[in-house]
Amino acid sequence: MMNDNVVMRFSAKPVTYHFNGSLSQLAEVTDQQRTVIVTDRHLMTAHAVSFEGWKTIVLEPGEEHKVQSTVDDIIRRLIEWQVDRSFTLVGVGGGVVTDITGYAASVYMRGLRFGFVPSSLLAMVDASIGGKNGIDVGPYKNMVGVIRQPSFLLYDFDLLETLPETEWSNGFAEIIKHACIKDLTAFRLLERHDLETLRRNPDTLRSLIRRNALLKSRVVRRDEFEKGERRLLNFGHTLGHALETSYVLSHGQAVALGMIAACKISEAQTGFKDTAKVTKVLSQYGLPVQGSFDPDRIMSVLRMDKKRVSQSMNYILLERIGRGLVQYIPLDALEAKIRALSSTGPSLDPIDA
Ligand code: GLY
C-alpha cells in the first residue's frame with residue numbers, strides 16, 4: 001500500500017500525489033480495464049513487465065514527437081479501442097509523454113480523466129505538475145495546449161535508476177529554479193551538495209523531489225491560470241526556450257543559461273547581488289553557465305513568446321535568492337540587454353548549422 005499520499009485542491013478538481021508508490025501499484029489508483037497507458041519505447045523496453053495486462057500506446061521518444069500528428073495517432077487508437085468517457089489515460093514517462101497524454105486526454109471526447117507516472121527527475125519536479133499540457137508547433141514550444149489538472153500523480157523513485165546521465169542535470173535545472181524564486185533553504189542544501197553526492201543519498205534526493213513537487217503545486221494552486229505568481233516558474237525559461245529551439249542544448253542547459261541571463265538582468269533592474277552563487281550551484285549540477293549566441297535569431301523567437309504583451313515582455317527576475325519577481329521589460333530594452341549578453345563564452349552550436 002502507498003503510505004505517503006497528499007491531496008491538493010485545484011480549481012476544478014483535487015489532485016492526489018502518491019509519493020511512495022510504484023508503477024506496479026498502478027491498478028490501486030486506476031481501473032485496469034478502463035485505462036489506457038501512454039508511454040515511450042525506452043520505458044516500455046526497460047519496464048515491459050509492468051505494462052503487461054494494460055492497453056498501452058507506445059510513442060517514439062523525443063521532443064520532436066511532441067506534435068499534433070502524435071496526438072492524432074493516439075486519438076485514432078482510442079477510437080479503434082472504443083475508448084469512452086469512463087476511461088482514464090495514464091502517461092508513464094518524462095515531460096514529452098506527460099504533456100502529450102494530458103493534452104490528448106483533454107481534447108478526446110472533450111476530456112477524459114488522466115493521471116501521470118513521471119519517470120524522469122524533470123517530470124517529477126516540474127513537467128508532470130501544473131496542468132499545462134500541450135504540443136510544439138515548428139520552433140514554438142508548447143504553442144498549443146490546455147490547462148487541466150491530472151487526477152493523480154504516482155511517484156515511483158525506482159524509475160530514476162534507469163535515468164540517462166544527461167537527464168539528471170535537466171531535472172536539477174528546475175530544482176535550482178524553484179530554489180532561486182521561492183526556497184532559500186533548498187538553495188542552501190543545493191550549495192552543500194552536488195549532483196554526485198545527492199545521487200548517492202536517495203533519502204535526501206527523494207525528500208528534495210517531494211519538496212519541489214509540492215512547492216510547484218502550491219504556486220500553481222494559488223494562480224492556476226497564470227495571472228500572477230505562477231509566472232515566477234518561467235524564471236530562466238524566456239531566453240531558455242528561445243535558445244533551446246535554436247541551439248543544440250538540452251532543456252536544462254538552455255534554462256541554466258536563461259537563469260544566468262535573468263540574474264544579470266536582475267543586477268541592473270533590482271540590485272540582485274548573488275549571480276556568482278547561482279552560477280556556482282548550476283556548475284555543481286553539471287549545467288553550463290556561459291555560451292555565445294546570435295541575438296537576431298533569438299530576438300525573432302522571443303517576439304513570438306507567449307509572455308510578450310504588445311511591445312513588452314513579462315520577465316522573471318530575482319530580488320534575492322528565494323525571492324523572484326515579475327517585471328514588464330519593453331522589447332527594445334530587452335533586446336539591448338540580450339545583445340549585451342550574447343557574446344560570453346564559447347559559441348553555442350546552432351541547430352541547423
Ligand atoms: N505541465 C507543466 C506545467 O503545468 O507547468
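Both ligands and their constituent atoms are indexed starting at 1 by order of listing.
In this structure, E226 does not count as a contact residue of ligand 1, since none of its heavy atoms falls inside 4.0 Å of the ligand. Between V220 and ligand 1 there is no heavy-atom distance shorter than 4.0 Å.
When each atom of ligand 1 is checked for a heavy atom of R230 under 4.0 Å away, the hits are 3 (C), 4 (O), 5 (O). Listed by atom number, the atoms of ligand 1 under 4.0 Å from G131 heavy atoms are 4 (O).
Among all heavy-atom pairs drawn from G131 and Q149, the shortest one is N-OE1, 3.4 Å.
In this comparison of R148, K132, K216, the heavy atom closest to atom 5 (O) of ligand 1 sits on K216.
Inclusion of S128 in the set of residues having an N or O under 3.5 Å from an N or O of ligand 1 is not warranted. Geometrically, ligand 1 and N133 share no nitrogen or oxygen pair separated by less than 3.5 Å.
Taking the six-membered ring for Trp and thresholds of 30 and 60 degrees, Y155 and F157 have ring planes inclined between 30 and 60 degrees apart. Ring geometry for H241 against H237 counts as perpendicular: the plane angle is over 60°, on a 0 to 90° scale with 30° as the lower cut.
For the pair T30 (side chain) and A27 (backbone), a donor-acceptor distance under 3.5 Å is absent.
Checked against a 6.0 Å centroid threshold, the rings of H42 and H47 do not count as neighbours.
Using a 4.0 Å cut-off between charged side-chain N and carboxylate O, R76 and E80 make no salt bridge.
Closest to atom 3 (C) of ligand 1 among all protein heavy atoms lies I129 O, 3.0 Å.
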